[in-house]
Enquirer: 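Take a look at the following structure, please.
No hydrogens, no waters, no symmetry mates; every other heavy atom, side chains included, goes into these values. Whatever order the structure lists ligands and atoms in, that order sets their numbers, starting from 1.
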Amino acid sequence: MTQLPLSADLIAEANARHADALDEDYDALGRKLARTGIDIEAVLGRVASFSVAVPSWGAGRGGTRFAKFPISGEPTNIHEKLEDCAVINQLSRVTPRVSPHFPWDKVSDFAALREEAAALGLGWDAVNSNTFQDQPGQAHTYANGSLSAQDAATRQQAVEHNIECIEIGKQLGSTDLTVWVGDGTNFPGQQDFARSLDRYLDAASQVYAALPDDWRMLLEHKMFEPAFYSTVISDWGSSILAAQELGPKAKCLVDLGHHAPNVNIEQIVARLHRFGKLGGFHFNDSKYGDDDLDSGSINPHQLFLVFNELVEAELNPRDGFNPSYMIDQSHNVTDPIESMLSSAEAITGCFAKALLVDRDALHAAQESNDTMMAFQALRRAYSIDVTPILAKARVAAGGAIDVLEAYRLSQYRARKAQERKAVGLGAGIV
Ligand code: LRH
Ligand code: MN
């Protein structure tokens with residue numbers, strides 16, 4: 001029996017204020033889209049079945065190497081993080097899964113955790129391993145790498161940790177393992193590029209061998225940090241070659257923040273899809289490095305162009321087009337719940353806009369080298385305000401028309417500040 005954290009009456013009361021205006025805006029948009037042959041109800045149906053997972057580690061305040069500024073009432077363990085993730089889903093109705101990270105979210109009884117999440121209306125997306133930090137009592141340090149480490153015992157330790165994550169994921173009902181390794185170097189000559197990659201491939205193949213038949217291994221590339229001279233899986237090229245080397249269950253995960261500034265990420269998406277290796281996304285935004293800012297907050301047009309490629313990909317499916325959509329952000333200055341509500345809206349909005357692209361007009365213009373009309377086919381869709389469709393989909397599923405207003409009306413964070421113990425000062429991502 002689901003026991004959701006916010007009262008349905010509160011959401012209904014908040015919605016009552018906006019219901020008439022929403023109907024008006026929705027009907028007006030419906031008429032506008034009908035003029036170009038688009039049935040708004042069909043778009044509503046697609047939006048209603050769209051979802052994106054939230055990261056357990058995003059429910060708390062994030063930080064940088066310099067500092068982390070906790071907020072009172074922020075979650076201190078996976079149980080409180082699940083409660084907050086349930087608030088995000090209850091209001092947005094597009095975030096029904098949580099992507100956990102181990103050992104950060106470790107508990108003694110994962111079957112009970114699965115039930116606890118289910119009672120909050122939540123399921124589980126990809127599990128994330130962690131061989132970028134040393135844990136108390138750990139036998140071998142990851143200071144010189146993990147799956148690519150020169151030391152065989154360290155590689156074996158990293159392999160066993162990833163296999164343990166698969167075992168945990170099986171208990172939670174997950175079917176994806178995300179493997180991001182920070183392995184790399186800070187000095188030229190520190191490691192041999194080829195030998196470190198070969199060690200990575202050998203160790204990763206042992207993790208791959210432990211995957212159940214219906215599982216996938218999502219390789220996450222990243223240009224730099226924590227290594228600042230070279231990174232073993234630094235770009236989509238290294239990632240797709242490794243995934244092809246490992247086998248059909250290995251796919252590539254695109255974290256939007258893991259590329260050099262101005263890299264054409266939407267083209268990377270098209271390439272990975274072309275070769276059947278597009279496994280998933282970590283949505284966020286950035287201006288400089290891996291800033292992990294709120295999705296769509298800096299470059300919403302890029303997010304739209306990524307979804308434009310995803311809608312095209314769906315029309316030309318390769319083997320098993322089913323990318324995992326997940327948020328991966330660090331909320332250093334906002335209430336994490338508000339940031340993930342706003343990000344879920346931005347992500348769903350870019351998906352909806354991509355559905356509005358007149359693909360026949362786009363393809364015709366592309367085939368006739370009519371550059372301006374090809375661009376205008378995208379620009380016309382991008383310029384449409386799809387918020388009435390997003391709000392309609394939420395209301396139909398029991399969510400809020402204005403998610404941030406309803407959240408603030410709930411006084412949820414203030415209540416949690418009374419209940420939860422304070423988080424100490426610190427630094428770092430979690
Ligand atoms: C690495 C990364 C990875 C996670 C971590 C929290 O930068 O994007 O996906 O494991 O952030
Ligand atoms: Mn990531």
Enquirer: Would you say that more than 12 heavy atoms from the other residues, nucleotides or ligands in this model lie under 6.0 Å from the CG of Asn262, or not?
Expert: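 Counting other residues, nucleotides and ligands, CG of Asn262 stays at 12 neighbours or fewer.
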
Enquirer: Which of parallel (below 30°), tilted (30 to 60°) and perpendicular (above 60°) describes Phe283 and Phe281?
Expert: parallel

Enquirer: Give me the one residue out of Arg413, Arg408, Arg61 that meets salt bridge (charged side-chain N to carboxylate O under 4.0 Å, His left out) with Glu338.
Expert: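 The salt bridge (charged side-chain N to carboxylate O under 4.0 Å, His left out) with Glu338 is passed solely by Arg408 among Arg413, Arg408, Arg61.
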
Enquirer: Is there a polar contact, in the sense of an N or O pair closer than 3.5 Å, between His101 and ligand 1?
Expert: yes

Enquirer: Geometry only, no angles: is Ser129 polar-contacting ligand 1 at N/O separations under 3.5 Å?
Expert: no

Enquirer: Give the atoms of ligand 1, by number and element, whose distance to some non-hydrogen atom of His282 is under 4.0 Å.
Expert: 9 (O)

Enquirer: Between Asp292, Val181, Asp328, Asn128, flag the one that comes closest to atom 2 (C) of ligand 1 by a heavy atom.
Expert: Asp328

Enquirer: Parallel, tilted or perpendicular for Tyr382 and His301, by the 30°/60° rule?
Expert: perpendicular

Enquirer: Could you tell me whether Glu83 and Lys416 have a side-chain N and a carboxylate O separated by less than 4.0 Å?
Expert: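 A salt bridge links Glu83 with Lys416.
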
Enquirer: Report, in ascending order of atom number, the atoms of ligand 1 lying under 4.0 Å from any heavy atom of Trp180.
Expert: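 Those qualifying, in numeric order: 1 (C), 3 (C), 10 (O).
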
Enquirer: Need the atom name: nearest N/O/S atom of His282 to the Mn ion (ligand 2).
Expert: ND1

Enquirer: With heavy atoms only and a cut-off of under 4.0 Å, state how Asn130 meets ligand 1: side chain, backbone, both or neither.
Expert: neither

Enquirer: Are any of the N or O atoms of Asp255 closer than 3.5 Å to those of ligand 1?
Expert: yes

Enquirer: So which N/O/S atom does Asp255 have closest to the Mn ion (ligand 2)?
Expert: OD2

Enquirer: Which of the atoms of ligand 1 are close to Asp290, meaning less than 4.0 Å from one of its heavy atoms?
Expert: 7 (O)

Enquirer: Which of parallel (below 30°), tilted (30 to 60°) and perpendicular (above 60°) describes His101 and Phe132?
Expert: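 Correct class here is perpendicular.
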
Enquirer: Looking at Tyr26, I'd like to know if the NZ or CZ of Lys392 sits under 6.0 Å from its six-membered ring centre while staying within 45 degrees of the ring's axis.
Expert: yes

Enquirer: Has Glu220 got an N, O or S atom lying less than 2.8 Å from the Mn ion (ligand 2)?
Expert: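 It does; at least one qualifying atom falls short of 2.8 Å.
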
Enquirer: Ser148 pairs by side chain to side chain contact (heavy atoms under 4.5 Å, CB included) with which of Thr131, Val181, Val232, Asp198?
Expert: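 So, applying the side chain to side chain contact (heavy atoms under 4.5 Å, CB included) to Ser148 and each of Thr131, Val181, Val232, Asp198, only Val232 qualifies.
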
Enquirer: Restricting to N, O or S, what is the name of the atom of Asp328 that lies nearest the Mn ion (ligand 2)?
Expert: OD2

Enquirer: Report, in ascending order of atom number, the atoms of ligand 1 lying under 4.0 Å from any heavy atom of Lys222.
Expert: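 Heavy-atom distances to Lys222 below 4.0 Å select 1 (C), 7 (O).
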
Enquirer: What is the ring orientation for Tyr412 with Tyr407, classed by angle as parallel under 30°, tilted 30 to 60°, or perpendicular over 60°?
Expert: tilted

Enquirer: Is the shortest distance from a heavy atom of Glu225 to ligand 1 less than 4.0 Å?
Expert: no

